[in-house]
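Just so you know, ligand 1 is whichever comes first in the structure, and atom 1 is the first atom listed for that ligand.
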Amino acid sequence: MTVLLVLGFFVVIATAHNITFLEVPRYGDPHREANLVCHYVNEKDDPPLHSVKWYRGRDEIFRYTPGQQPPTRTFNTTVERVTRGSCNLHSCSVSVVLPRIYNTRLSFTCEVSTEGPRFAVVKQVKNLTVAVTQKEDPVITGVPGSIQLGEDIIVNCTTAPAMPPANIAWYVDSKPEMTEPWMVNNTQVSGPNEFGLRSSWRSLRLRVATARGFLLLRCEATQPTWPPYMRSTNATIIVTSPHLSKFTASGSQRSAIEAFLLITCIVQLISKYSALSEI
Ligand SMILES: *[C@@H]1O[C@H](CO)[C@@H](O)[C@H](O)[C@H]1NC(C)=O
Ligand SMILES: *[C@@H]1O[C@H](CO)[C@@H](O)[C@H](O)[C@H]1NC(C)=O
Ligand SMILES: *[C@@H]1O[C@H](CO)[C@@H](O)[C@H](O)[C@H]1NC(C)=O
Ligand SMILES: *[C@@H]1O[C@H](CO)[C@@H](O)[C@H](O)[C@H]1NC(C)=O
Ligand SMILES: *[C@@H]1O[C@H](CO)[C@@H](O)[C@H](O)[C@H]1NC(C)=O
Ligand SMILES: *[C@@H]1O[C@H](CO)[C@@H](O)[C@H](O)[C@H]1NC(C)=O
């Protein structure tokens, strides 16, 4: 990194350390410590490393000064604290205990300064949101293997435990579920589990009316974090028209041959109808 310093009438070009990568997880689980790592390089001919400082917001939480004894120092702040720090001339990692306040956004800064006389300083900032993200895709239950045109179905979508809890949206053939204006938000949230995490669920009631031989359902579970954390699951339901009921299987698993027969029948049916309409 090149820093221009104007000193009186002199223009001095000073090189400094460069931060190559700052590792701050986007989401931090308050049940475990967050590991933050700052990677930096010493450009050729640079003066040596003076110090590496970690800040949470504006509060300094940790300092590494290789030329001092002891080289590391931890500062206590009200919200979180550093339990471990391990630094050398190339990287500096700290473990931080996070507050159990979900959806809090914490900003962490790594600041690297080069030895005097100029003490050139470089820094990088990244945010972490306190959240436990969904570890798995949501699960759709109650999906019948096939269904007849005009029938009603009720399916259910449930998320893995998470915090803050996810909001669930349903899509039918890529279109958002039609909801009455007074029930915009009808995601249900379970009680907390042993870790204080909550699952969300939302059921979808639907009358099957599609000209195609199948229905695409999509459940999207989005945690209201910043940035929002979304996971989703798709399900396909084969729709048969009552004429074809002799081909429907009783089980939920349908073989490829049956599916092929169905599609063939639907295709024949469609061509029959179009032939009729041409008369
Ligand atoms: C400093 O590192 C960044 C990558 O983080 C790189 O894009 C940039 O070119 C580097 N600057 C110098 C002067 O090496
Ligand atoms: C920082 O706080 C922790 C507990 O909150 C305490 O155990 C530790 O001694 C404190 N450290 C300093 C240097 O004050
Ligand atoms: C970090 O969060 C602050 C607000 O807390 C926001 O202003 C800033 O743009 C965020 N930075 C990044 C890199 O997302
Ligand atoms: C949906 O699933 C959740 C748990 O996964 C259950 O508590 C709820 O009763 C189910 N709802 C319906 C309408 O089946
Ligand atoms: C799920 O369905 C959506 C459209 O509803 C589609 O864009 C997406 O690619 C599908 N995902 C998978 C894994 O099939
Ligand atoms: C839905 O409800 C949850 C919790 O009750 C809330 O956090 C979220 O903002 C609501 N979403 C909408 C779109 O109203």
Side-chain angles (χ1 to χ4, degrees), residues 19 21-28 34 36-38 54-59 61 77 79-80 96 98-99 101-111 122-131 134-144 147 152-162 164-179 183 185-194 197-208 210 212-239 252 259:
I19 296 173
F21 190 58
L22 176 60
E23 282 179 55
V24 173
R26 189 166 286 179
Y27 306 101
L36 320 178
V37 191
C38 186
W54 280 99
Y55 294 86
R56 204 295 271 174
R58 288 178 180 185
D59 298 328
I61 54 173
T77 62
V79 193
E80 65 290 297
V96 182
L98 300 173
I101 311 167
Y102 289 105
N103 242 349
T104 311
R105 210 171 357 159
L106 310 173
S107 81
F108 289 100
T109 305
C110 171
E111 186 186 276
V122 289
K123 59 181 168 186
Q124 247 183 58
V125 190
K126 273 192 179 166
N127 288 340
L128 176 152
T129 300
V130 179
Q134 309 164 72
K135 295 294 176 279
E136 282 148 35
D137 289 338
V139 174
I140 300 177
T141 53
V143 178
I147 187 168
D152 281 347
I153 54 165
I154 298 178
V155 288
N156 198 355
C157 179
T158 308
T159 71
N167 292 314
I168 296 177
W170 277 105
Y171 294 84
V172 179
D173 285 335
S174 301
K175 286 190 283 289
E177 173 201 9
M178 300 292 271
T179 44
M183 45 190 281
N185 196 356
N186 49 10
T187 296
Q188 311 286 313
V189 175
S190 77
N193 72 3
E194 56 184 315
L197 308 181
R198 295 168 186 268
S199 293
S200 305
W201 62 271
R202 180 171 181 165
S203 55
L204 168 72
R205 193 194 175 98
L206 175 81
R207 172 149 302 168
V208 179
T210 175
R212 295 192 294 168
F214 60 93
L215 206 70
L216 285 179
L217 299 182
R218 177 175 174 83
C219 165
E220 262 184 29
T222 309
Q223 289 178 254
T225 48
W226 184 261
Y229 185 84
M230 193 265 281
R231 292 192 77 138
S232 65
T233 299
N234 288 357
T236 309
I237 305 177
I238 293 176
V239 180
S252 62

Item to complete: For Arg202 and Trp170, work out which heavy atoms get closest and say how close.
Response: O-NE1, 3.2 Å
Fill in: Contact bool for atom 7 (O) of ligand 3 (protein heavy atom, d < 4.0 Å)
no
Worksheet item: Does Arg205 reach the side chain of Asp152, with side-chain heavy atoms less than 4.5 Å apart?
Response: yes
Worksheet item: Are any of the N or O atoms of Asn156 closer than 3.5 Å to those of ligand 4?
Response: yes
Practice prompt. Mind listing the closest non-hydrogen atom pair of Pro228 and Tyr27 along with its distance?
Written response: O-OH, 3.6 Å
Discussion item. Tell me the nearest of Gln124, Arg105, Lys126 to atom 4 (C) of ligand 3, using heavy-atom distances.
Written reply: Arg105
Fill in: Main-chain N/O of Gln134 paired with Gln223 side-chain donor or acceptor, under 3.5 Å
yes
Response to the item:
protein heavy-atom neighbour closest to atom 13 (C) of ligand 3 works out as Asn127 ND2, 4.5 Å
Discussion item. For a 4.5 angstrom cut-off between non-hydrogen side-chain atoms, does Asn234 reach Thr236?
Written reply: no
Worksheet item: Do the non-hydrogen side-chain atoms of Trp201 and Cys157 ever get within less than 4.5 Å of each other?
Response: no
Worksheet item: Is atom 2 (O) of ligand 3 close to the protein, meaning a heavy atom under 4.0 Å from it?
Response: yes
Item to complete: Around atom 9 (O) of ligand 5, find the nearest protein heavy atom and jot down its residue, atom name and distance.
Response: Asn234 ND2, 4.8 Å
Worksheet item: With a cut-off of 4.0 Å, which atoms of ligand 5 are near a heavy atom of Ser174?
Response: 4 (C), 5 (O)
Response to the item:
Atoms of ligand 4 under 4.0 Å from any heavy atom of Thr158, numbered from 1 in the order shown, are 2 (O), 4 (C), 5 (O)
